[in-house]
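Residue numbers begin at 1 in each chain, while the letters A, B, ... track the order of the sequences.
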Amino acid sequence: MQNGPDPALPLLEVRGISKSFGAVRALREVDFTLRAGEIHALLGENGAGKSTLIKVVTGVFPRDAGIVRIGGEEIAPRSAKAAVAAGIATVYQEVNLLPNLSVAQNLFLDRQPMRFGVVREGEMRHRAKALLADFGLDIDVAAPLGNYSVAIQHVTAIARAVDLSARVLILDEPTASLDRHEVEILFGIMRQLAKRSIGIVFVSHFLDQVYEISDRITVLRNGRLVGERETASLPRLELIRMMLGRELAETTNERAAAREHKTREICASFENYGKAGYVAPFNLELRRGEVVGLAGLLGSGRTETARLVFGAERADGGKARVEGAPVRLQSPRDGVRHGFGYCPEERKTEGIVAELTVRENIALALQAKRGLHRPLSRREQDEIARRYVKMLDIRPPDAERPVGLLSGGNQQKVLLARWLATSPRLLVLDEPTRGIDVGAHAEIIRLIRELCDDGLSLLVISSELDEIVTYSDRVVVLRDRAHVEELAGEAVDVGNILAAIAADSVAVALEAHT
Amino acid sequence: MTALLPRRGLAQILALIVILAVDRVVSPQFFDLRLQDGRLFGSLIDVLNRGTPVALLSLGMVLVIATRGIDLSVGAVMAIAGAIAASLADTHSLAVVLAAALGAGLICGLWNGFLVAVLGMQPIVATLILMVAGRGIAQLITEGRIVTFSSPGLVWLGNGAILGVPVPVAIALGMLILTGAVVRGSALGLLIEATGGNARASELAGVGTRAMILSVYVWCGVCAALAGVIAAADIMGADANNAGLWLELDAILAVVIGGTSLFGGRFSLVLAVLGALIIQTMNTGILLSGYPPEFNLLVKAVVVLTVLLLQSPKLTGFAGIAARLRRTKA
Amino acid sequence: PANAAELTIGFSQIGSESGWRAAETSVSKQEASKRKVNLKIADAQQKQENQIKAIRSFIAQNVDAIFLAPVVSTGWDSVLKEAKEAKIPVVLLDRDIDPSGKELYLTAVTSDSVHEGEVAGDWLAKTVGSKPCNIAELQGTVGASVATNRKKGFDTAIAKHANLKVVRSQTGDFTRAKGKEVMESFIKAEGGGKNLCAVYAHNDDMMVGAIQAMKEAGLKPGKDILTVSIDAVPDIFKAMVAGEANATVELTPNMAGPALDAVAAFKDKGTVPPKWIQTESKLYTAADDPQKIYDSKKGLGY
Amino acid sequence: MRGLPPALITAIVLVAGFAACAVQFPNIASTRVVGNLLTDNAFLGIVAAGMTFVIISGGIDLSVGSVIGFTTVFVALAIERWGMPPLVAFVAVLALSAAFGAAMGAVIHVFDLPPFIVTLAGMFLARGASFLLSTESIPITAPIYSTVSDFALRLPGGGRLTAIAIIMLVIVIGGALLLHLTRFGANVYALGGSRATASLMGVAVGTMTVKIYMLSSLLAGIAGIVFSFYTSAGYSLSAVGVELDTIAAVVIGGTLLTGGQGSVVGTFLGVLIQGLIQTYINFDGTLSSWWTKIVTGVLLFVFIALQQGLVALARRPVAKSAGAAT
Ligand SMILES: Nc1ncnc2c1ncn2[C@@H]1O[C@H](COP(=O)(O)OP(=O)(O)OP(=O)(O)O)[C@@H](O)[C@H]1O
Ligand SMILES: Nc1ncnc2c1ncn2[C@@H]1O[C@H](COP(=O)(O)OP(=O)(O)OP(=O)(O)O)[C@@H](O)[C@H]1O
Ligand SMILES: [Mg+2]
Ligand SMILES: [Mg+2]
């Protein structure tokens, strides 16, 4: 192992890579250079081609043109396995490891410690525990990965890639589902790896993180290379302009002045609502035109609250009311019938129907609400799809594309469109901005505000406290699957939220923040 | 009805044409048609007529498969419906006979749907139960005999003709149009495809996935019952031991040849029926060819594989490998 | 001496694949109850492994005798040896097994299916005389020994007559539906049926289907095209009454009667029966008062 | 808190079922019946072990019954007509069947075709090939056959543990070890979890697919040889429909048809449950052909429903293990 980075030698060199999917030209003659020991951010809007570039480099997609060199030597991996052999370890955007295997098996799949042709289970678990300990995780590694939250699954995927101790580590949106604390741990590890002259490619839509960790930045737009800069010498606004190809007033992180509410009408209220072993009974009032944020650490029960409110999970006690009238929320159908909508955080397994087109995905909830006998005509579907593709700037703007072929962020927008199309009275959004680019991020926050002004009631979960503070009128803080505090008006700020989260326990997160 | 037109049926149509051409080679009179007792007569008509039961089965099966299910019991349901129809034929009116037989199919479908949608059993074993027990029920009705009948109404269903077209063929066509109208005319088609594509996501979007699953099994049962009645009417008797035996495999094959994935999602009714015709064109060709029967299965295997490879998502498979090899060498 | 009333006999039946088989089962039950024998019937659903399992469980239950209608001729040695060790006599019904196991069973009550084919062939040869005659053959299930034998016997019989020729031969799986479908294609392939002078089917069910196919094609079965088939199930006699079928060779469903008698004699007096009790393969034609035979067979459970 | 593993639940169901049968027919609770159960289901146990791998990997293999049929005919012809020494014939037929499975796996992977249909074509092909070899059943008289079929360990109480039962037990144990202890086994589960993800995680999906179908066909070949021992004959129609029995056994054993979960031991118990159902029906002996089918169906339902119910009960979350990230 050499000492210190050798900036003269490009570790990973990508020249003139092109890739088309049928008529869509996802990459056009893209160049990319990664030096040993640097952390290199790969940025661009949703659908710019970041993930595609990564998959082409690692041989998941065959490429149409171009060459890839590693350490000066040309490589042409034909599978992820071959890429690993060539020294590239990758955490793909749709990480999803294998939920049916144990955590340990996931970490060591295809490279388990062996003796006499037999996997050394004990040794493997031991190593798995040690490896995860580096990431601050202490979990039962023999349990199936699917038992754990998305965040833990994500950390596991990263740990696996890191442990491959390759020369190049590629992380495609690794931080999307992590909280601050975990991001800190990840960054610490990335810095260490970079010191060992490993080159790291980092994809993220969190510009703060990009500025915090990266040495250089490469920006893609519409499948083309826009430019490569030193992070230190690239102003934020300039970066955003490179990404979007236009200016964007960076106002998103400012808390809107407390809005005057014309009405104080209650849209939905929950009283002593809860489910044993899931979320402790809580009281929650959602008013028309109001955004309520849910904040808390991973596993604090935010998703659970959202599912109960929507009806995806049955409560075992308490009352739910919609506009004052008692209702029973037994299934998502009930929720939909009462005018609720829910964008789940696990977009791929619980959100999109990959095979169906953008149009059909958008029309789905509205159709379900209208019932079988009142089918949306093709013309109505086209009309709805066209409206939302334009409104949310879904790219490519082709409503007849199977949603599975869209980039991650655009899939998220399609889900949002699905619920907006039902003109709901209450929308529950679980991590709506996850994986969404700066432009769209601002767009979605603007949209959230607009929707409120139209009288919609919103319940939003986000791990981005800044973001929550930006749009929430009230914030409910959760801890250990119970609602512990409700902040309103002037009291809504990051400090207060952190204080409530940390309350009596050791304020790990607080330290991380300050 | 543009909604009924195949979205992507080129491979299937091509396969059908090729097999028809081969049939013409093994049997020069293959395309001959004449009118015989007010009924069209010729090998082509045989293909349509004999293909009817599988075509009907595939109409139900394609919907079940679209929801990511499978129904192994259709052959047994055919036997049950045939047995009921035959036992009632000579003593009851045609309407009663049909109602009883189709009603039995509906109940069978409900049972399967209940096991899959409500009890959450895996479709293949859930329907295996009725596949085994159903034939027993059919035999119980006939006591293992071939129950014959002579009710002209029912016989007409199997052997009559409307404007020269055999009644079974007309019925199959009618069912195709009816199913198409119901499925594509309402939102059912979209909701079924959504359920099959991602049941959890659909459920969360407010789709009543259980109701979808239940209804497709019911429809599959009804289609199978109709196929059973026609099969019985055809031979003027109910042969509970053999009616529909192994036809579930042909129906599944037809659906897959019709381009519907066994993993659910997108489906095409027309192409499933086309798949049934492809299978029957091949079968009739085998019968006409005069080869000894020991070859039947081999020919079938080869044809099936060829048809599938033709429409393989990766016919580029070989081409792709060749291209990669070239690239790595270069 | 053991009283017949106390006998328990296990019967491993093949399954219920045809009307004939159903009749054999119900006749066996009737014959057993006539003799106050307790007959345990295990249905093998057409699988040899199930028959072997059934025999093993009969042995485990210590029955007095075992009847076996073997689905295939080979593969019985070891299980029959077990029966012999347990001193349980075995009687074969309906079908014989491979010679290597001859000493392992008491007797076999069967018809000779090669002979059945011969009887059919001989009838056809006699009926056609010296006219040239193209024959279409509907075979039974490929691989089934009955089908192989009935084909063999028929082929032997017509080989002696140069004017008889099998021009088409396909399997109709012993079923009506397939019999009809195959006959339809035979008719198309042979000039609308004009080139055919006779149909030979390995069982009556296929022939009933074939007769329908001929009628639908505007042909007159029994006149334009001669028919001969095997089994003598009631429906073929109905066709004969209508003049649509010409001949059938009987395979009696009463195999159990003689078998029960043999076992009773063996148990009571130790009489060892002959190794083969052959049932008659009787030919029936329109001359045999088919209506009467139909009436007599109707109630037998076909 | 994961609750009981499905295989254990199958075991409970089996024991309960066995006890219920034994109450009605005391003879069932004998080593003789247990020995018979193992012997009579030996070939089923062997193919089912192979099928378990296929199903866990998210596939299905409909060709196994035909491969058994083909093997018996090939072995019989090779020994009796072509004069091959039995062991050579075994090796030859195993090589053939392994190659056959590998070919199916390759077609499935390279052309991205559904396993159900590819193996259905394989089923036609193998059965068709055995018809071409011989439509008659061929007795095998080689001495090794009588040696093997006469060999048995006597169990106390008159039961016999036959050679083929022992072969089956060895294969089941070997299969379980292969599945649970080796890298190959872990990859099988990985494939069943998600082919795409497994591939991204570096599993050689193509090679694995080929190997898995090869293993299944190879075991079907061994089952065919065992079947030929069982019947001392080769017959082109043997083991028709066995694929469905096998799939049912695998599923009763707690393996998910969607892949990713299951065990060989569970499958073995599933095979025994099916055998028990048949033994029960044989002991009853009053059932007509149709009642046999109906009762088989009902018992199948009872066992599956019981198993499903127990699994649901065991899965009922006490409290979700969320593993806090601190
Ligand atoms: N398998 C595929 N088939 C067809 N088109 C695809 C496929 N994968 C990606 N695309 C298209 O390629 C383009 C680039 O997508 P890519 O996933 O690389 O975007 P991205 O930059 O990673 O976006 P995001 O930030 O949303 O993840 C998009 O237009 C997408 O629709
Ligand atoms: N009933 C359920 N069915 C399926 N998945 C569930 C269910 N309940 C919770 N989950 C998932 O299990 C994971 C664990 O939830 P967790 O306790 O971490 O919720 P959270 O506080 O919302 O945290 P996060 O920040 O991950 O959203 C979440 O990803 C959630 O989506
Ligand atoms: Mg991406
Ligand atoms: Mg959550």
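- Closest approach of A:Leu101 and D:Ala186 over heavy atoms only: CD1-O, 4.2 Å.
- Interface residue A:Gln112: backbone and side-chain heavy atoms are both found under 4.5 Å from chain D.
- Residue A:Arg314 qualifies as open at atom CZ: its count of foreign heavy atoms under 6.0 Å is 12 or below.
- Nearest heavy-atom pair, A:Met114 versus D:Arg183, reported as atom, atom and distance to 0.1 Å: CG-NH2, 3.4 Å.
- Interface residue D:Ser194: backbone and side-chain heavy atoms are both found under 4.5 Å from chain A.
- Of the atoms belonging to A:Val118, heavy atoms from both backbone and side chain fall under 4.5 Å from chain D.
- The side-chain heavy atoms of A:Leu97 and D:Met201, taken from C-beta on, include a pair separated by under 4.5 Å.
- Residues of residues 262-270 of chain D never come closer than 4.5 Å to chain A when only heavy atoms are counted.
- Contacts of A:Asp480 with chain D are absent, with no heavy-atom separation under 4.5 Å from either backbone or side chain.
- Interface summary for chain D: among A:Ala161, A:Ala80, A:Ser79, the most heavy-atom pairs under 4.5 angstrom belong to A:Ala80.
- Here the CG-OH distance, from A:Leu98 to D:Tyr189, works out to 13.0 Å after rounding to the nearest 0.5 Å.
- No part of A:Arg120 comes within reach of chain D, as not one of its non-hydrogen atoms sits under 4.5 angstrom from that chain.
- For the options A:Asp110, A:Val155, A:Ile185, heavy-atom pairs under 4.5 Å to chain D are most numerous at A:Asp110.
- Ranked by heavy-atom pairs under 4.5 Å with chain D, the list A:Val84, A:Leu109, A:Leu164, A:Asn106 is led by A:Leu109.
- Rounded to the nearest 0.5 angstrom, A:Thr90 OG1 and D:Leu200 CG are separated by 9.0 Å.
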